[in-house]
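Computed from heavy atoms alone, side chains included, the values below leave out hydrogens, waters and symmetry copies.
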Amino acid sequence: MTKVQIKVNDNGSLRITGEVELLDGAGNVMETKPAFSLCRCGLSNNKPFCDGSHKGKFDSQVRFVKED
């Protein structure tokens, strides 16, 4: 099985790379590509996928903070 990678993009989407099965709220399988982006801002007109609507309207940077 190939390792799936999910990257939280600064001020943008979640970038998913790898073979995954994406389900909607009713459990129906949604067609995806080997790499795709999911909306994180709620502004996309193509939810759950990102369409770039966030540009200039969404501010979010996620960083891992290591605790001592």
Side-chain angles (χ1 to χ4, degrees):
M1 178 178 240
T2 305
K3 189 174 186 177
V4 174
Q5 183 180 58
I6 302 172
K7 181 181 180 197
V8 181
N9 288 320
D10 287 347
N11 307 319
S13 63
L14 296 171
R15 184 70 175 168
I16 292 52
T17 305
E19 190 174 327
V20 298
E21 185 174 62
L22 180 63
L23 306 176
D24 68 10
N28 301 304
V29 176
M30 300 179 74
E31 188 175 330
T32 62
K33 298 177 181 179
F36 60 95
S37 295
L38 293 175
C39 177
R40 199 163 60 101
C41 70
L43 299 172
S44 176
N45 291 312
N46 191 29
K47 291 181 194 86
F49 303 102
C50 176
D51 68 0
S53 293
H54 62 270
K55 292 180 183 169
K57 302 174 189 167
F58 183 66
D59 183 26
S60 175
Q61 294 184 348
V62 178
R63 298 291 184 269
F64 175 72
V65 178
K66 185 176 179 180
E67 294 184 25
D68 294 327

Find the distance between SG (C39) and CZ (F49) and round it off to the nearest 0.5 Å. 11.5 Å
Atom pair OG/CD1 of S13 and I6 - distance to nearest 0.5 Å: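 Result: 11.5 Å between the selected atoms.
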Spell out, as yes or no, whether a donor-acceptor pair under 3.5 Å connects the side chain of N11 to the backbone of S60. yes
Can you run down the salt bridge (Lys or Arg N to Asp or Glu O under 4.0 Å) pairs that involve residues 51-65, sequence neighbours left out, and say none if there aren't any? D10-R63
Around K7, counting heavy atoms of other residues, nucleotides and ligands shown, do more than 12 lie under 6.0 Å from its NZ? no
Within-4.5 Å side-chain heavy-atom neighbours: L22 and L38: yes
Between V62 and R40, is there a side-chain heavy-atom distance shorter than 4.5 Å? yes
Donor-acceptor list for residues 26-36 side chains, cut-off 3.5 Å, not counting sequence neighbours:
residue : atom : partner : partner atom : Å
N28     : ND2  : D24     : OD1          : 3.4
N28     : ND2  : D24     : OD2          : 3.1

For a quick check under 3.5 Å, do S37 and R15 share a side-chain donor-acceptor pair by atom type? yes
Of all heavy-atom pairs between C41 and H54, which one has the smallest distance, and what is that distance?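 It is SG-CB, 3.5 Å.
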So, using side chain to side chain donor-acceptor pair (under 3.5 Å) as the criterion, who are the partners of T17 when residues are at least two apart? none
